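Let me begin by presenting the structure, written as structure tokens, before commenting on it.
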Amino acid sequence: MAVVPAAQLDSLAQGAGRYAPSPSGDLHLGNLRTALLAWLFARSSGRRFLMRIDDLDRVRPGAAERQLADLAAIGLDWDGPVVRQSERLPHYDAAIERLTAAGLTYECYCTRREIQQAATAPHGPMGAYPGICRTLGPEARARRRAEGRPAALRLRAAAADFEVVDDLHGRYRGPVDDVVLRRGDGTPAYNLAVVVDDAEQGVDQVVRGDDLLPSTPRQAYLASLLDLPIPRYAHVPLVLNENGQRLAKRDGAVTLADRRALGNTPDQVVSLLAGSLGYTASTPSQLLERFDPARLPREPWILAVDGLLQPSGCP
Ligand code: GLU
């Protein structure tokens, strides 16, 4: 194992990494690989490893339990109880209230279609909210409110972009716009919840799929407005199918249950994941002994699911 000197362990005693799946279905090999990497980054740096279920939306009954069972089956462990976002609503409310008290929010009555039809703000980043409701006067606002459309709450962003530092991508500057903080149906938005949770859980290392890199400047900017610490990031490459698309259930036997049905053991699945990272190992602990973040592949893992019947890296 990459040994962490005692002094460094002390200094990191409060630090933590985490894995935070959305319980929308079973985890596939790409998700399991990202979870394994998040665990390796945390454990190899002496951090705690936390598990959080991001269940504010996209919830499929029973999925969270199956996800946790699969993560445990491949040999991942975590510290403390599993945290569920649905049980933390007052924390998101408090953060939204702080932003509102600072004059940093406004109600937005736009439908998705109105936003799509409006031109992007003249100096705003592509796809950013064009600011239609940002400058409504009190009368127009009262009129829109009276129309009865449920308002979302948006951030009144004062920056156009923000820079984060990523262990794999280096300095990354990306757009910041008037992100939704609370949706029209009252649900706190993911970008807000993730910032509040990571800070309150003491997460100082966020390892996740690089599809989330473009959202990261928004999240870090929100953290800065809330006076919360900005974590260290490592956005890891995704797993793609042979056509270069993000791996999905329709690609074949991609979940642990699928692999088991084909006769693979969890160790064989870990071997496959380890092989994709350039290691020969069949348990996370074996992998931890050799793990070196600097050696990580920077390219997506292209997975030919049909060729998976005999996992590579197994005797
Ligand atoms: N729950 C998010 C997802 O599964 C990930 C959140 C995060 O890692 O920040 O896509």
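Order of listing sets the numbers, starting from 1, for every ligand and every atom in it. This structure is a prediction, so every number in the text was calculated from the model and none was measured.
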When the side chains of residues 67-79 are checked against the rest of the protein, which donor-acceptor pairs come out under 3.5 Å, sequence neighbours left out?
from: Gln67; atom 1: NE2; to: Ser22; atom 2: O; distance (Å): 3.2
from: Gln67; atom 1: NE2; to: Gly25; atom 2: O; distance (Å): 2.8
from: Asp77; atom 1: OD1; to: Trp39; atom 2: NE1; distance (Å): 2.8
from: Asp77; atom 1: OD1; to: Arg43; atom 2: NH2; distance (Å): 3.1
from: Asp79; atom 1: OD2; to: Arg43; atom 2: NH1; distance (Å): 2.9
from: Asp79; atom 1: OD2; to: Phe49; atom 2: N; distance (Å): 2.8

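Ordered by chain and residue number, the residues placing a heavy atom less than 4.0 Å from ligand 1 are Arg18, Ala20, Pro21, Ser22, Asp54, Tyr190, Val194, Arg208, Leu212.
Under a cut-off of 6.0 angstrom, the local environment of CZ in Arg246 is sparse, with at most 12 non-hydrogen atoms contributed by other residues, nucleotides or ligands.
A side chain to side chain donor-acceptor pair (under 3.5 Å) with Arg218 is found for exactly one of Asn191, Asp177, Asp161, namely Asp177.
With no hydrogens or angles considered, no side-chain donor-acceptor pair links Arg18 and Gln201 at under 3.5 Å. Judged purely by distance below 3.5 Å, without hydrogens or angles, the side chains of Thr187 and Asp185 pair a donor atom with an acceptor atom.
The shortest heavy-atom contact between Val176 and Phe162 is CG2-CB, 3.5 Å.
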